[in-house]
Peer 1: 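This is the structure I want to talk about, given as structure tokens.
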Amino acid sequence: MDKYNPKSIEQKWQSYWEENKTFSTPTDATSENKYYILPQLPYPSGSGLHVGHAEVYTACDIYARYQRMKGKKVLQVFGLDSFGLPAENYAIKTNVHPKETIDQTGANFVEQVKKLGASVDWDRFVRSSDPEYYKFTQWFFLLMYERGLAYRKTQAVNWCDSCKTVLANAQVVDGHCERCDTVVVQKDMEQWYLKITDYAEKLLEGLDRIDWPEETKKRQKDWIGKSMGASIAFDVLDVRNTKSTKIRNSEIEVFTTRPDTLFGATYMVLAPEGQYVQELKENIENWEDVESYIVATSKKTELERQTEKEKTGVEVKGVKAVNPANGEEIPIWVADYVIATYGTGAIMAVPAHDERDFEFAKKYKLPIKQVVESIKYYVSINKEEIDLNGLFTEFSSDDIQEFTYNGKYTLEAYDKNLFIKALKKYSRLSSISILSGVTENIENWYKKEEEKEIFCYPNFGISINSEFLNRLTTQEAKEKMIDWLEEHNVGKRKIQYKLRDWSVSRQRFWGAPLPMVVNEQLSISKKQYVFIHGYGGDAQSNFFPWMKQELEAKGHTVVLLDLPNTDKPNVKEQADFLKEKISFNENTVIVAHSLGGPVAFRILENLGAPIAKLILADPVFRPEFNDGERSDVTASDSFVFDFEKIKANADAISIISDAKHVTIKKEHIDELSSIFNARHIEVDLSERHLMVAEIPALLEEALMTGVKPVPFSDLPVLLPEDVDFKPTGQSPLTYSKTFQEGVEEKYGNGPSSASTSAKASADEKATAGTWKREVNTLDTFMCSSWYFFRYLDPHNEKEFASPEALKTWMPVDFYLGGPEHVNGHLLYSRFFTKVLFDAGYIDFDEPFTVHRHQGLILGPDGRKMSKRWGNVINPSDVVDVYGADTMRMYEMFMGPLEDDKPWDDAGVRGVRRFLDRVWNLQDVLVKDEEIGNLKLEIGDLDKETHKVLKKVGDDLATLNFNTAIAKLMELTNAFYKVEKVPITNYILLITMLAPFAPHMAEELWQLLGHDTQLAFAEWPQYDESKLVSDTMTIAVQVNGKVRATIDIASDASEDDVKATAMADENVKKWMGGNEPKKVIYVKGKIVNVVV
RNA sequence: GCCGCCGUGGUGGAACUGGUAGACACGCACGACUCAAAAUCGUGUGGAGAAAUCCGUGUCGGUUCGAUUCCGACCGGCGGCACCA
């Protein structure tokens, strides 16, 4: 027998696997027998694979190999997240093109993964920086855009001045850039966003249906940050003169989770950067003070605002707010403890019941009014079950009080320990549940009560000084107040989320180009908005007056006319009417509602030049239609349109179908009649979304002009080669000479320079009116949000993946990745999946059924591995010295997969020693027929083998690799205790070893004469009959302390066991001649004698 | 500050739904082999004690025949969020 030589064995099998494509994905997989194992997508860093990567690929591979042996059709693939900053930063330093860098580091990465013996289907390898891949990253962006989930907006963004790029909230760590640690500043910039906030509720709800670590789910929940409460409108008064007057159209809306405390709202605070301060500017007496405060605040970095604890603010003089509950006039302040981006950027301050408000009120001597009284502990109980004699003499009535609440006899106390003491002493009930940490769940309280337990309900409040809310619990008061607000039209129930929209544009080179063309001139120029109302409507109906006001406030012109014959509409007549009155030009945006849709189409059918945009709001496209109240109204028109002309005459066409969602379907506009079945959208007719006055999504859509998507047929928008990487804050693509070539011919000329607004600079004028490619690139998180779909069908040029592949393989059965991605990648992937689901591409809406995190592997010194500490372990070095099988097994043996654990070189040697021992057992193998008089020992070995087989199988299924390996070591040790080892047992050992140490196991398998692949051998079934033994060992306790163990027949009766136990000398001794009071027997485990 | 997780030998870690705490491995000690060392193999190894035995799962208390496991308070470590109204 040769010595165990991992190097040659591993090389041999790795080439064999590669040449024979051993692990190519089975073609006979079905949605029932498939198993999709997904290791996280790595960025191929220049320093190569680190031990953490190795942990992920090894764990996934072990699991994949195990599932294969269990008969599953396994999909295990590898790819690279190859777009991103490091390669670009390296390019800036060395002028090596990122593509070259990635080719090299990526190849190195793949090489290293192969050396670990990963059983991956390499034909499905993908890189996110390849055009074939990012074509679909761009497609996903277009999908988002089509569905009204992508928009462009100028707002303050997180800016890293070192990376010269915008960062998503998830990329900001402690106010610093995640990558380079520079302090993040806020900067106003025009950026593209994805409306992930629209999916807040769905993202929250789906968490209940997936098997993920609880804390991960919780972190996502917290990040989404759902709060339920109310929005409340406060009137604003101008009090500069002695007679206060209500400022017209000026209400301040606040969000609160505690509407029950409205009576305690004694002042109001506005965020310095919020909208309200600017709106009130005219009425503010001390504008100079206020303004200087605003300026001072804006100069602070995010970090400063976080660290400064002391609250500051300035009173806004000349205006007062009116508390709608009691009509009190309360002062208005500006303070930076209120943030502009959450809620409405304004709060009602209730200093008595909010710590921050309290602190602020104390500092500025503002009134504090208590409106909630805290009741510490309540118990509601049947009076008969408690013997009250003595209760009120032993405890003072200040400590414990009795009263009737909701018809129940109730005790109330402010001190919990005292309360429990009293309950115990005077209660006749044996069990007392004290529920803690639960607040305001009064239903629960009642429920428990019915179960006749004494139930203690801690810590809830009762409203006081609040008129109609008095004596109500907080929960009840909240409800009642919301009802009251809605009744009086001053507020309504509202759900607020912390989650913000995801900014996806980056001013960097090495990413997928954003597949849009933009016309900056058109986007900033003032527009002429033409509103077209529907059947039976007029200029005052629906959302029109509101939207007119909003648009005019922004300096646009709005044309809003009453159409002729609105009760007996003739589409052509109305279209001609409008064409005669209005000059439609490249700055026109048409917003058409209902039957206005066909009217707009008739207008567009013959125009000389295209308009900027057409927005169809819940359009109707058939002669006879039903609006829910009046039926079978006939609009006289053929409803046959020249769609080609219409499309040519509008640079963008959007359809908004309900109050929230905009669908942009210029490409598919001719499907309109079938899509909508020519009726109003099938919303619940009691809730006609588009009839409401305010539709923020519609306004947003109307304001977004000068952008249009690159059609799918033109994808991919290729990243140009001729760029300068120098970070200037401008996108590097700006400097490419080739990037904009042919764009104008393809996507058209915009408005002529005649319509150029006065604001445009000379530079802008020079390029005014042209459509250009968007020069920003997409956040790399967009690439990694869908890669698990691409693996299913990586060479498909038409679709991101075929429906058949999706149906067969998704969702992912097991996903392993780091906890650092919880509120980034993992959330985004779920978002993408849900959008695909809503768009009808897939029939599931959660991508990863089971998800786990690997723990961090620390350096031998217990610190995080880092060049700085010089404690970095390179997995390739370990593989070179000890072999991949040792590396794999050691990493799995270190501890639980999800725990952080330090590296230990001696531990690696221990694992190698184990493998050597397994290998060396070849010398003592004996064929079954030669066992002879070794029988007895072999019998025990056989039992041991099957016990281990069961345990290892269980552990593999539950990912407890460390204990599985421990068992394999135990079995090997057992083999060393006997003279000869039967081949059958040895084969079972190496079969169990196959997922962990595949090279060695495969080699031994072959050496033992097999001509099949162990990798595809069936996972052996343990022999149930060998698990039972004739005798069992029972521990015997006397008064809870182990005094003896007895061996007894496994089928002994309880009485036999007890008798034998008590007959034991030592047990007798400890019983001291006393009669047992009680003898407890737990079957097969323990006897406890109580004396 | 709020929320979550965790605390077991010299070390990494075992212990199923409360049932013989410390599996397995490292380290250490002793022994075998060797001229010697390494490697390998064997024995021992939670602490105290000569032993019987006692004490031991962060600390204190509780529930239980019995607690690493359940409950309460506290201490310590790690992670998340951070003026989110």
Side-chain angles (χ1 to χ4, degrees), chain A residues 174-175 213-216 218-219 221-223 225-227 229 254-258 261 265 269 271 305-309 311 335-339 341-350 353-357 359-360 416-417 420 431 433-434 436 496-500 819-820 822-823 856 858 862 890 893-896 898-911 913-914 916-917 920 951 954 960 962-970 972-973 976 1033-1045 1069 1076-1091:
Chain A
D174 280 341
E214 282 308 317
E215 61 226 83
T216 301
K218 198 189 165 296
R219 276 176 60 191
K221 248 177 217 170
D222 289 351
W223 185 260
K226 181 180 184 175
S227 309
V254 303
F255 172 73
T256 177
T257 52
R258 294 294 303 273
T261 61
V269 188
R305 280 183 76 164
Q306 274 175 29
T307 20
E308 276 172 33
K309 293 259 153 71
K311 293 194 168 36
D336 67 358
Y337 82 91
V338 171
I339 51 181
T341 44
Y342 182 78
T344 60
I347 61 152
M348 64 178 212
V350 186
H353 305 290
D354 181 284
E355 248 178 85
R356 296 152 303 179
D357 297 340
E359 213 182 292
F360 192 79
K416 198 183 74 176
N417 289 330
I420 294 170
S431 91
S433 319
I434 309 289
S436 66
Q496 182 71 43
Y497 299 90
K498 277 191 234 175
L499 187 69
R500 308 286 157 77
E820 67 275 15
V822 167
N823 292 327
L856 215 56
L858 308 168
Y890 172 64
F893 184 60
M894 294 170 85
E898 311 200 15
D899 285 8
D900 294 350
K901 52 239 158 198
W903 186 269
D904 176 21
D905 282 317
V908 183
R909 287 194 292 274
V911 169
R913 200 173 298 147
F914 160 70
D916 280 330
R917 279 158 66 85
N920 293 337
K951 171 77 174 158
D954 291 350
N960 295 114
N962 55 332
T963 48
I965 293 170
K967 280 287 156 190
L968 292 173
M969 288 173 167
E970 267 184 75
T972 305
N973 292 344
Y976 269 84
T1033 307
I1034 304 283
V1036 186
Q1037 297 182 329
V1038 180
N1039 288 335
K1041 294 204 166 161
V1042 179
R1043 297 303 180 187
T1045 57
K1069 186 182 130 199
K1077 280 193 199 129
K1078 202 171 171 187
V1079 181
I1080 294 146
Y1081 173 54
V1082 180
K1083 200 164 181 309
K1085 281 187 176 146
I1086 203 164
V1087 173
N1088 191 8
V1089 184
V1090 187
V1091 291

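Quick note: numbers below take in every heavy atom, side chains included, and nothing from hydrogens, waters or symmetry partners. Lettering of chains follows the sequences in order, A, B, ..., and the numbering in each one begins at 1.
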Peer 1: Check every atom of B/rA85, B/rC55, B/rU20 against the side chain of A/Thr1045 and return the nucleotide holding the closest atom.
Peer 2: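 Selected nucleotide (nearest to the side chain): B/rU20.
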
Peer 1: In whole angstrom, give me the gap between the P atoms of B/rC78 and B/rC24.
Peer 2: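 Rounded to whole Å, the distance is 32 Å.
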
Peer 1: Extract from the structure each pairing of a protein N or O with an N or O of nucleotides 9-17 of chain B at less than 3.5 Å, listing the distance.
Peer 2:
unit_1: B/rG12; atom_1: O2'; unit_2: A/Met894; atom_2: O; d: 2.8
unit_1: B/rG13; atom_1: OP1; unit_2: A/Asp900; atom_2: O; d: 3.4
unit_1: B/rA14; atom_1: OP1; unit_2: A/Asn962; atom_2: ND2; d: 3.1
unit_1: B/rC16; atom_1: N4; unit_2: A/Lys1085; atom_2: NZ; d: 3.3

Peer 1: Report yes if a side-chain nitrogen or oxygen of A/Arg1043 is closer than 4.0 Å to either non-bridging phosphate oxygen (OP1 or OP2) of B/rC54; otherwise report no.
Peer 2: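 For B/rC54, OP1 or OP2 has a side-chain N or O of A/Arg1043 closer than 4.0 Å.
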
Peer 1: Kindly give the atom pairs (protein nitrogen or oxygen, nucleotide nitrogen or oxygen) under 3.5 Å for nucleotides 45-49 of chain B.
Peer 2:
none

Peer 1: Below 3.5 Å between N/O atoms, which protein atoms pair up with nucleotides 79-81 of chain B? Just atom names and distances, please.
Peer 2:
none

Peer 1: Nearest of B/rG4, B/rC26, B/rA52 to any side-chain atom of A/Lys218?
Peer 2: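 Nearest nucleotide to the side chain: B/rG4.
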
Peer 1: Among residues at least two apart in sequence or on other chains, which ones pass side-chain contact (heavy atoms from CB on, under 4.5 Å) with A/Arg500?
Peer 2: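 Result, side-chain contact (heavy atoms from CB on, under 4.5 Å) vs A/Arg500: A/Asn169, A/Thr341, A/Tyr342.
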
Peer 1: Tell me whether the side-chain N/O atoms of A/Arg913 come closer than 4.0 Å to OP1 or OP2 in B/rC26.
Peer 2: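 Yes.
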
Peer 1: Based on Watson-Crick and G-U pairs with both distances under 3.5 Å, what dot-bracket line describes RNA chain B 5' to 3', crossing pairs as [ ] and inter-strand pairs as |?
Peer 2: (((((((..(((......[....)))((((((.......))))))(((....)))..(((((..]....))))))))))))....

Peer 1: Which one, B/rG27, B/rU20, B/rC41, comes nearest to the side chain of A/Ile1086?
Peer 2: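 Among the listed nucleotides, the one closest to the side chain of A/Ile1086 is B/rU20.
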
Peer 1: Under the rule for side chain to side chain donor-acceptor pair (under 3.5 Å), what residues qualify as partners of A/Asp354, not counting sequence neighbours?
Peer 2: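 Result, side chain to side chain donor-acceptor pair (under 3.5 Å) vs A/Asp354: A/Arg356.
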
